[in-house]
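Before any comments, here is the structure.
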Amino acid sequence: MDCNRIAGILNEMGTLLELGGENPFRCRAYHTAAQALEGLPRDLVSMIADDSLSATPGIGEAMYKKIVQLATTGRLGEYEELKRKTPPGLIALLRVPGLGPKKIKVLRDELGIRSLADVKAAGESGKIADLKGFGARTQTKILEGIAFVESMGERILLSSADRLVQPILAAVRTHPKVIRAEACGSLRRRAETCGDLDVLFSSDDPEAVMDAFVKLPDVATVLAKGPTRSSVRLIDGVQCDLRGVSDTEYPFALHYFTGSKQHNIAIRRRAIERGFSLNEYALSGPHGPVQCRDEAELFAKLGLAYIPPELREDHGEIEAAEAGTLPKLITRDDLTGTFHCHTDYSDGANTLAEMAAAAQARGLHYLGIADHSRSARYANGLDIGRVHEQWKAIDALNKKFGSSFHLFKGTECDILADGSLDYPDELLDGFDYVVASVHSHFHLSQEEMTARLVRAASNPRVTMLGHPTGRLLLAREGYAVDLSAVIDAAAQSGVMIEINANPHRLDLDANWARRARAKGVMIVINPDAHATDGLDDLDYGVAVARRAWLEANDVWNTIPSNQMAKRLAERRRVR
DNA sequence: GCCGTTTTCGGCCCGACTGTTTTCAGTCG
């Protein structure tokens, strides 16, 4: 069983224990251990083998045994026992705003509630308002919360969050009483999805800003409003929290509201260890508050190098910041070009020339064209004749570009059900590079899917694997596959793995990309663009790479453009 | 359940807001 699956089980156990009224610190230990597993820098098997797992913070003796048991047998008696005695419908209740473990326990003990439907019925008949500690207002809030849970998914894509927060941030920034403002939370950390939007500002008169905020046109409902903090539901259904502080407090609040929660807990613990106390307003030492102009100064006061928001997950960044070993994270400017783009030869919207012009306009020096292969009929995949046609067209354009720009001839070649490729070897040898991707037969068993991808990842004609899990964020799970085995195969044969920068995919994700790189796999950031503006998605791919701790050297398409043709040719020669 | 310059027990991040309460518990981030 892989570490993400085990993390899921530990998270579920923590939640089940909460519902059982267990000591909250014990519950948290499960969530902490799950978090530690998700952020493992290397693959679980090797970390068990060399005993580094037991030394991982957050994983103690008891948790270690549970993890090893799950990893080796896939089963855990305590987990099955917990699931057996908790009605499955109770977990959904935790998603209702205003309902936490304590209230759920009362509902369960007093009214015998076992599901969302039970709560709804009890609320509608007025039984909840009669319970001790509840009341009419609470009952209404719970019913509203249920309506919300039923009408909306919980999270939104990072790209949607970017779009929604922009007008709000602009309105806050232009308010005359606002000094500084920033979007915080998972959006600032560039997490792949966001649960809500967090906006922070500094001002001498925060209350005036709050008054204006709750009246913005995008606001549907005011959930809470105080002098320093307000929450609203936007018309789109997304929750947006606004917080105001003084400008002196701003750096502390910026750090605090950026999170993650686990990172903050670890930082506060560190502050206490060094004789300070840290909250969202100040860092206080034995001689009073310590002034900091920005986050960098705050980190410095705690003996740490500046930690970029993308790394703040308590996945080892604090230890690295102390030791001075934080990576010099890749930036968008490091990308010299990119691969895996589509044109109107297959299912893209734009021509070769238009895609090339768009790439140049975005400061790229080369672009790899990878239209679909012949089996991808739904996507107008190219038969062999049309591949040759496209090659001629690319040659003609390259002649025009001279040394100023270059189009590379690639293909996004389907990996067939048995792991073989969709074109004959002779044709594959004519491409500058080959992206190999799965687009069909998603429902193979894990063994079959793993064997299929391992075969592709071991094929010397494959340059890089495309979107290796096939997931679509918030829409479709990735197919069942043992990614560790695929990564091992890619490392063995020198095949690269793509970070697909399409905000619906972001596949590989940051945790797997980090582990793949640790195994020696070269990463490549590709937009999978189906139109010219799809090239802008590269920013999202860079965000994933940064969250994966990658430096420019870890990513193939940072190689200087004048060396790229040679480097691709070298790879083909070693077949 | 984890963890240790208060080290094998007794803590565990901390403040805002809400609603039900007369001083606080629960939830949330």
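Worth saying up front: this structure is predicted, and the values here are computed from it rather than measured. Quick note on labels: first sequence line is chain A, next is B, and so on, each numbered from 1.
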(request) Looking at every strand, decide which applies to A/Lys225 at a 4.0 Å heavy-atom threshold: base, sugar-phosphate, or nothing. (result) sugar-phosphate

(request) May I have the distance from A/Tyr256 (atom OH) to B/dC28 (atom C1'), rounded to whole angstrom? (result) 9 Å

(request) Test for a donor-acceptor pair under 3.5 Å between the base of B/dG29 and the side chain of A/Asp241, counting only N and O atoms. (result) no

(message) Please classify the nucleic acid contact of A/Ser277 as base, sugar-phosphate, or nothing, using heavy-atom distances under 4.0 Å.
(response) nothing

(message) B/dG1, OP1 or OP2 - any side-chain N/O from A/Tyr64 closer than 4.0 Å?
(response) no

(message) Considering every strand and a 4.0 Å limit on heavy-atom distances, what is the contact class for A/Gly58: base, sugar-phosphate, or nothing?
(response) sugar-phosphate

(request) Look through every strand shown and name the nucleotide pairing with B/dT8 as Watson-Crick or G-U wobble, where both distances are under 3.5 Å. (result) none

(request) Determine the Euclidean distance between corresponding P atoms of B/dC13 and B/dC2; express it in Å to zero decimal places. (result) 15 Å

(message) Without decimals, in angstroms, what is the distance between A/Arg229 CZ and B/dG15 P?
(response) 14 Å

(request) With heavy atoms under 4.0 Å as the rule, sort A/Asn264 into base, sugar-phosphate or nothing. (result) nothing

(request) Verify the contact: side-chain N or O of A/Ser231 to OP1 or OP2 of B/dC28, cut-off strictly under 4.0 Å; return yes or no. (result) no

(message) When you measure from the side chain of A/Glu249 to the backbone of A/Ser246, do you find a donor-acceptor pair of N or O atoms at a distance under 3.5 Å?
(response) yes

(message) Expressed as a whole number of angstroms, how long is the span from A/Arg28:CZ to B/dC2:P?
(response) 14 Å

(message) Rounded to whole Å, please give me the gap between CD in A/Glu273 and P in B/dC12.
(response) 13 Å

(request) Scan A/Ile267 against the nucleic acid and name what it touches under 4.0 Å (heavy atoms): base, sugar-phosphate only, or nothing. (result) nothing

(request) Have a look at A/Val96 and say if it touches a base, only the backbone sugar-phosphate, or nothing, with a 4.0 Å heavy-atom cut-off. (result) sugar-phosphate

(message) Do A/Lys177 and A/Phe201 have side chains that approach each other closer than 4.5 Å (heavy atoms only, starting at C-beta)?
(response) no

(request) Go through B/dC17, B/dG19, B/dA16 for me and flag the one nearest to the A/Ala224 side chain. (result) B/dC17

(request) Give a yes/no answer on whether the side chain of A/Lys105 brings an N or O atom under 4.0 Å of OP1 or OP2 in B/dG26. (result) no

(request) Mind checking salt bridge (Lys or Arg N to Asp or Glu O under 4.0 Å) for A/Arg274 and listing every partner two or more places apart, or none if nothing turns up? (result) none

(message) Please classify the nucleic acid contact of A/Lys261 as base, sugar-phosphate, or nothing, using heavy-atom distances under 4.0 Å.
(response) base

(message) Once you apply a heavy-atom cut-off of 4.0 Å, does A/Pro24 come out as touching a base, just sugar-phosphate, or nothing?
(response) nothing

(message) From NZ of A/Lys141 over to C1' of B/dC28, roughly how many Å is that when rounded to an integer?
(response) 12 Å

(message) Are the side chains of A/Thr193 and A/Leu158 in contact, using a 4.5 Å heavy-atom criterion?
(response) no

(request) Name the nucleic acid region contacted by A/Arg26, choosing base, sugar-phosphate or nothing; use a 4.0 angstrom heavy-atom cut-off, strictly under. (result) base

(request) Name the nucleic acid region contacted by A/Ala136, choosing base, sugar-phosphate or nothing; use a 4.0 angstrom heavy-atom cut-off, strictly under. (result) sugar-phosphate

